[in-house]
Amino acid sequence: MFNNTYPYRSSMSTTVSKSFKLLANIIKKKLKPKLILEIGSNDGTFMRNFNKNKIIGIEPCKNVEKITKQKKLNTHPLYWNDKTAKFLRSKYGKFDLIFSANTLSHIKNLDNVFKNVYNLLSETGVLIIEDPSLLECLKKNTYDQFYNEHIYVFSCVALNKILKKNKLEIYKVEKLNIHGGSNRYFIKKISDKKNIDKSFLKQIKNEKKYGLTNKKTYFKFAKRVNKSKNKLRSIFVKLKKQKNKVIGYGATAKSTTILNFCNINNNYIEYFLDTTQDKQNKYTPGTKIKIIKYKNEIEKNIKYIFLGAWNFKEEILKKEKKFIKRGGKFIIHTPYPKII
Ligand code: JHZ
């Protein structure tokens, strides 16, 4: 999957770029790391906020890693595994900050992931990871977070269990709106210093209260997902009967999951607009909807847009003020399908 034609670019949204910039400022001010490692540095959206010789990135997708290299940032086209950890350790020694966003949840062997993190982290070093929050997925019915790239969708409860097995522990949790609702976990080596922040205890309490540790919760979620599918399909069937042209906006991996699960294909959606070059002039997998370059203008005869990049709703609605002003509407699926 993570080959040299991988299409995801973290720089394709100002929401993500701004979030990384904010985090970088906090890291520089509060943690003052001497040397930082980013696992899954993508196109350098996080790295570019730091002094070039203070941060190292690893990114296995060569097409993306090349972009970061062109920004004169120090990256290596490598997967996160034993070999890479050994190479980094011999070349750079230990890191006092390791950052990884939307990456570790894509790697199957988490014990190996965290064993290598432990070995590369200095004694007082901090690992910060960001990933979609299982609690938010269940609350918002965002079943589209469950697809082939996401081997896991982390809960704080489960993640802390795996970390403890590898002599690490979460000491702070921040909730982010990024990617439809993510958690930012601050992680350190287990020590007798119990500076566990109350935000961690609150997250654990909320997850248990919601029922994340109870199998019944997931059967109820499955029922809501099927209800969501029927509702979304009925919206598209109705719009088609009324002869409305519908287009898609943001050909996300997430929306591919929705379209295939709900059997919404090129009979219902004319084409998708997307800003990512590597996706343009291709087709959505399984549903064969053409993806074309976004050109700052929505065709006049379009009245309905299916919001594939719903995780960037605020950013996109701001951008499409003109379309909304002329009566244009968006079809969203979370928390329940509706036209806004
Ligand atoms: P976006 C990827 O998922 C895959 P995807 C991965 N597995 C993951 O976990 C998340 O990212 C982090 C377009 N767009 O970022 C750009 C516009 O066209 O949610 C993107 O193609 N106009 C690593 O694929 C897509 O939408 C806009 O104004 O779900 C967003 O995809 C904006 C803001 C985006 O990633």
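Atoms within a ligand are numbered from 1 in the order they appear, just like the ligands themselves. Side chains are part of it too, since the values below use all heavy atoms of this structure and drop only hydrogens, waters and symmetry mates.
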Exercise answer: donor-acceptor pairs, residues 122-131 side-chain atoms, under 3.5 Å, sequence neighbours excluded:
from : atom 1 : to   : atom 2 : distance (Å)
S122 : OG     : G125 : N      : 3.1
E123 : OE2    : K189 : NZ     : 3.0
E130 : OE2    : R184 : NE     : 2.8
E130 : OE2    : R184 : NH2    : 2.8
D131 : OD1    : S105 : OG     : 2.6

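- For F236 and F306, the distance between ring centers is under 6.0 angstrom.
- Looking at residues two or more places apart in sequence or on another chain, you find a side chain to side chain donor-acceptor pair (under 3.5 Å) between T5 and N3.
- Taking every heavy atom of both residues into account, S155 and Y185 meet most closely at C-OH, 3.9 Å.
- Residues forming a ring-ring contact (aromatic ring centres under 6.0 Å, His included) with Y249 (at least two apart in sequence, or on another chain): Y294.
- We find the OG1-CD distance between T45 and E38 to be 8.0 Å, quoted to the nearest 0.5 Å.
- Every protein residue with a heavy atom nearer than 4.0 Å to ligand 1 is included here: Y6, Y8, M12, S13, N102, H106, Y147, E149, H150, H179, Y249, G250, T252, A253, K254, D274, T275, T276, K279, A309, N311, F312, E315, I316, K319.
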